[in-house]
Amino acid sequence: MPVINAVDPKNRMAEKENIIIVESPAKAKTIERILGKDFKVKSSFGHIRDLSKKKLGIHIEKNFEPDYIVPEEKKKVVSELKKAVSDAKTVWLASDEDREGEAIAWHLSEVLKLDPEKTKRIVFHEITQQAILRAVEQPREINISLVNAQQARRVLDRLVGFELSPVLWKKVKPALSAGRVQSVAVRLLVEREREILFFKPDTYFRVTAIFYFDRDNEKYSLKAELSRRMKTKKEVTEFLNFCMKTGFFVENLATKPVKRTPPPPFTTSTLQQEANRKLGYGVSYTMSLAQRLYEAGHITYMRTDSVNLSELALNTARTQIKNMFGDAYTKTRKYRTKSKGAQEAHEAIRPTYLNKDTVSASKAEKKLYELIWKRTLASQMEDARLEKTTVTITPKGSPETFTASGEIIVFDGFLKLYQASSDEDTTEAAPGFLPPVEKGQELLYKEIRATERFTQPPPRYSEAALVKRMEELGIGRPSTYAPTISTIQQRGYVAREDRPGELRNIAELILKGTRIDEKSKTESFGKERGKLIPTNIGIVVNDFLVKHFEDIINYNFTATVEKQFDEIAQGTLNWTEMIRRFYTGFHPKVEETIRDTDKQTGERILGKDPESGEEVIVKIGRYGPVVQIGRPGNDKKPRYASLRTGQLMETLSLEEALALFRLPRNIGEFEGHEIIVAIGRYGPYVRHNGKFYSIPVNTDDPYTLTLERALEIIVEKREAEKKKIIHAFDDGIKVLQGRWGPYITFEKKNYKIPKGLKAETLTCEECKKIIKENPPTSRKTKKS
DNA sequence: CAGTGAGCGAGCTTCCGCTTGACTT
C-alpha cells in the first residue's frame, strides 16, 4: 500500500510526497519527530481564512453567501503552505475533528486549490505513531455538512455582532460591542450584582455547645451544634435558661462508611477554576502558562473540553501510581464529558509524561504543571474511604438535639495526592476525630453559645467562576473563555475589583455555669477580592439589550442554535435556510430599535436639591456617569459632578449624590497658594501649588479634612520626598530612591543606573553621560 | 492622573473561534 510506504522512514522516495497539515505548530513538531524527518508536517496556525474584518462580509442578497478573505497576517502562512503543497503527491488534512477543524480543512482545500484526488482528510486523537498510522489508513473526504454547520455558526455570530454593536453606538456610546457570547456573560454579571445589591439578609442564631466529660482520669471535650437554627433572641434565651437547669446525654451514636471520588482530569474550564482557587491565577495568566508548558512538550493541548485520557496515558498512570503508592491505590477510570456543546477534539489536559512529577520551568509554570500532574494521577486512583460518626446529644426533657460529627480516613486513596476544592466558603474546619463517647453517656456543658448570623447573598463571580457558568450554559469555547473575559473588561462593561467589606454588629449570648452573658461584637462581611463587577455602562447596555433583544441575550439562545447547527451537520437542515429564518426575525427588530428608541442614558431621578429646589438626576453623560442638578434651558445651567469609581447609578442615594458637590473644597492658604481637597481617579487628595498629596483613606475623610491636617499631610510627603533624594545636582539632575531601586531623573524623564555603578557615589558628570547615552525609561502608555 | 457637561460632524468602532507570535514592563 503506497500509504504505508509513505510513512516508512526507510523509503527515501517518500520525501516530499506526503504533507500533513495540522493546526498547531507545536503539534506539527511532535508529529514530525514521530514520523521522521522524511515526512513533511506543516501547520496552518488555526483558521487561514475568515470574513472581512471591516465589512459585514456576507452577501445577504445572494442567499447569505460569505465573502472570505485571507487576512494580512495569514498571507505568509498561506504562501508557505502553497509552496509546500505544490510538489506533494498527497496532502493529508489533519485538523481537529470538530466543526472548526473541518472548516479549516475545507478552507485549506479551497485556498490551496487542492486536487480532491490527492487530498485526504484524516483525524487522530493522540499523537503516537500507532494512532497516526491508523488514521492514515482510514482517510475520508471533507464532510461538507459539518463545514456548513461552521459557516452557519460564523455567519450567525457576524450578523448578531455587526448589527447589534452599531445599535449601541447610536443609542449608548461609540465603540461598544454586543455579541452572542459576551452579552450573555455581561448579563450573568449584572443579574448577580442585582441579586447582591437588593439582597435582604435574614438573621438567625447558630447555637454551639462545648460539652465535657471525664473517662479514666482523662478529660475530654466535644463541640456540637444545635440541629435547628433559632429565629429570635427570645427563643434563644428561653432555650439557654432551659439548658442551665437540665442535663445532657448522648442519645445516639452512629457510624457509617462514606467514600470520596477523585475529580476528573482537567479541561480548560476546570483548569482555570482550580488554578484560580489553589494558585490565585487569573484565567488568561493560567492560559499563557499552559501555552508555554504545551510548547515545551510538558503537557497535552490546553484548549479542550474533553476529560478523556488516551490508552497510553491510562497505562502509564497505572504504572506510576503503582510505583509510588502500590497496587491498592490504582483504579483505572474512563471519564465522559457531560458539558453542553462539547466537541471533544482533544484529550483532557494532562502531563505528556506522567512519570515526571515536576518540570524545569518558571516558578508559576512549575506550580501549574504540578497541579495538572496531581489531578491527572488522582483521577486514576482509588476512592478514599472514610468513616463518619455522628453523635446526637439531647438536653433532657427537650425536643432539641445537638449533633457533633467526626470523620476518620480508613483508606486515603486519591487524597494522598490531591485535595479537591470548591467555590463554597469553607469557614468551618474539616471534621476530625471525636472523643470516645458512648450511647447513653451523661455530659456536662462548659459553655453554650448562640451567635447571631446573617443569611448570605450569592457570591460575586471570579473570572474562573464565570467561565464555569458559561460552560454550563454552553456559551463560548475553550479557546474563547479568556479572550471573552478580556473583551467585556476592555469595553468597560465590567471591572475586576476588590471590595473592602463592611462591618456589622452581631449579638451573642453565652451560657457559662449559671450565667447568661449577652455581648455584641462586630464582624466584617461582603469582602471580595478580584471579582468581576459590572459598571454603570455595563448595566445600561445590558438592560437595553435585554429589553429589545431578549431572545438573543437569552441564556438558552446558544443552546437553541446549537441544536440547529447539529441538524445542519447531520445534513438534515440547509444552513442558509436556517440563517434566513433567523435573520428575517432579527433584522426588522434591529431597524425598529434604531427607529423607535431614544438615547439610553440610564437616567434616574433621585429627588430635589434642598438648597435650590431643583431636580437631582443621575445619568450617563458625555464623559461617564454624572449627577446633574437642574435641567438646562432658560439661561439656566445645571451643575454637574462625576460619580466616583465604584458608585453605581442604580443604588446612588440623594445624599450620596449631593455629597459629590461638596468637593473640591478650598480649605485655606499656605505659602501663598490655596489648598484644595478633592477626590480624583486615584482617591482623595490635597492639591497645593500644582502638587498632589494623597489623603490616607482609612484615617482621614476629605469632606471634613481640616487645614491643620492638610498641612501635616503636605509636610509629611515633603519629608518622605526628601528622604528619597540621594543626590541633587545643580542643573536639576537628581538621583532618587524609587520603589525598584535608585534612578536618575531629569526634566521629568527617568533613567536607569547602568549595572556596576553605585548610586551613592555617582557624580554629576557621570549622570550627564548616562542621560546622554541612554534612552529614558518609558512610562506606561495610557492605552493597551 | 487629579477635568470635563456647546454643538457640528468625518471617520471610526463591532462578532466568535481556530492558532501563535512580536511587541512591551
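Keep in mind it's a predicted model, so treat the numbers as computed, not measured. To find a chain, count down the sequence lines: A is the first, B the second, and so on, and within it residues start at 1.
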Can you tell me how far P of B:dG17 sits from CG of A:Asp305, to the nearest Å? 12 Å
Are OP1 or OP2 of B:dC15 and a side-chain N or O of A:Ser177 less than 4.0 angstrom apart? yes
Below 3.5 Å is the cut-off: list the nitrogen or oxygen pairs between protein and nucleotides 20-23 of chain B, distance only.
from   : atom 1 : to       : atom 2 : distance (Å)
B:dT20 : OP1    : A:Ser24  : OG     : 2.7
B:dT20 : OP2    : A:Gln291 : NE2    : 3.3
B:dT20 : OP2    : A:Arg303 : NH2    : 2.7

With sequence neighbours left out, the residues meeting ring pair (Phe, Tyr, Trp, His ring centres under 6.0 Å) with A:Tyr693 are none
Nucleotide-level pairing of DNA chain B, given in dot-bracket where Watson-Crick and G-U pairs need both distances under 3.5 Å and | marks other strands: .........................
Within the structure shown, what part of the strands sits under 4.0 Å from A:Gly46 by heavy-atom distance: base, sugar-phosphate, or nothing? base
Atom-to-atom span, CZ of A:Phe549 to P of B:dC15 - whole angstrom: 16 Å
OP1 or OP2 of B:dG17 under 4.0 Å from side-chain N/O of A:Ser479: no
Taking any heavy-atom pair under 4.0 Å as a contact, classify A:Ala178: base, sugar-phosphate, or nothing. sugar-phosphate
Touch check for A:Gly690, heavy atoms < 4.0 angstrom, all strands: base, sugar-phosphate only, or nothing? nothing
Whole-Å gap separating C1' (B:dT14) and CG (A:Asp50): 13 Å
Considering the options A:Thr304, A:Thr268, A:Asp96, which one meets the side-chain hydrogen bond (donor to acceptor under 3.5 Å, both in side chains) requirement together with A:His346? A:Asp96
Which part of the nucleic acid, if any, lies within reach of A:Gly476 when heavy atoms closer than 4.0 Å are counted: base, sugar-phosphate only, or nothing? sugar-phosphate
side-chain N/O A:Lys54 vs B:dT13 OP1/OP2, d < 4.0 Å: yes
Whether the side chain of A:Arg153 and the base of B:dC16 hold a donor-acceptor pair under 3.5 Å is what I'd like checked. yes
Sorted by chain and number, sequence neighbours left out, ring pair (Phe, Tyr, Trp, His ring centres under 6.0 Å) with A:Phe124 holds for none
Regarding A:Arg491, tell me which of base, sugar-phosphate or nothing describes its non-hydrogen contacts under 4.0 Å with the strands shown. sugar-phosphate
Does A:Val155 have any side chain to side chain contact (heavy atoms under 4.5 Å, CB included) partners at least two apart in sequence or in another chain, and if so, which? A:Ile58, A:Pro66, A:Leu159, A:Trp575, A:Ile579
Can you sort out the partners of A:Ser79 under side chain to side chain contact (heavy atoms under 4.5 Å, CB included), two or more places apart, ordered by chain and number? none
OP1, OP2 of B:dC18 versus side-chain N and O of A:Arg477: anything below 4.0 Å? yes
Those residues that, when tested against A:Pro684, pass side chain to side chain contact (heavy atoms under 4.5 Å, CB included) (two or more places apart): A:Ile679, A:Ile695, A:Val697, A:Pro702
For atom NZ of A:Lys691, decide whether the heavy atoms of other residues, nucleotides or ligands shown that lie under 6.0 angstrom number more than 12. no
Side-chain-base donor-acceptor pair under 3.5 Å for A:Arg154 and B:dC15: yes
Those residues that, when tested against A:Lys74, pass side chain to side chain donor-acceptor pair (under 3.5 Å) (two or more places apart): none
A:Arg180 has a side chain; which of B:dT13, B:dC16, B:dT19 sits nearest to it? B:dC16
Nearest-angstrom distance from the residue atom CD of A:Glu163 to P of B:dT13: 17 Å
Quiz item: A:Ser642 side-chain donor-acceptor pair to B:dG3 base, under 3.5 Å: no
Could you list the residues that satisfy side chain to side chain contact (heavy atoms under 4.5 Å, CB included) with A:Ser95, not counting sequence neighbours? A:Glu23, A:Ile104, A:Ala105, A:Arg121
Please give, in whole Å, the distance from B:dG17 C1' to A:Leu156 CG? 14 Å
Atom-pair distance (CG on A:Leu108; P on B:dT19), nearest Å: 13 Å
A:Leu51 CG to B:dC15 C1', in whole Å, measures 10 Å
Does A:Glu603 have any side chain to side chain donor-acceptor pair (under 3.5 Å) partners at least two apart in sequence or in another chain, and if so, which? A:Arg631
Cation-pi, A:Tyr703 ring and A:Arg665 (6.0 angstrom, 45 degrees): no
Mind checking if A:Leu176 touches a base, just sugar-phosphate, or nothing, with heavy atoms under 4.0 Å? sugar-phosphate
Look at all strands and tell whether A:Gln182 reaches a base, only sugar-phosphate, or nothing, counting heavy atoms closer than 4.0 Å. sugar-phosphate
Could you check if a side-chain atom of A:Tyr493 sits within less than 4.5 angstrom of a side-chain atom of A:Leu176, using non-hydrogen atoms only? yes
Stacking check A:Tyr623 vs B:dG3 (5.5 Å / 30 deg): no
For nucleotides B:dT13 and B:dG9, find the distance between their C1' atoms and express it as a whole number of Å. 16 Å
Among the nucleotides B:dT14, B:dT19, B:dT13, whichever has the atom closest to the side chain of A:Phe162 is B:dT14
Whole angstroms only, please: what is the CZ-P distance between A:Phe692 and B:dA2? 7 Å
Nearest nucleotide by nearest heavy atom, which residue falls closer to the 5' end of DNA chain B, A:Lys55 or A:Tyr685? A:Tyr685
Pi-cation contact, A:Phe162 with A:Arg158 (under 6.0 Å, within 45°): yes
So, with a heavy-atom separation below 4.0 Å from DNA chain B, the residues of residues 164-174 of chain A are A:Ser165, A:Pro166, A:Trp169, A:Pro174
Taking any heavy-atom pair under 4.0 Å as a contact, classify A:Val181: base, sugar-phosphate, or nothing. sugar-phosphate
In short, salt bridge (Lys or Arg N to Asp or Glu O under 4.0 Å) pairs touching residues 159-184 of chain A with sequence neighbours left out are A:Asp157-A:Arg180
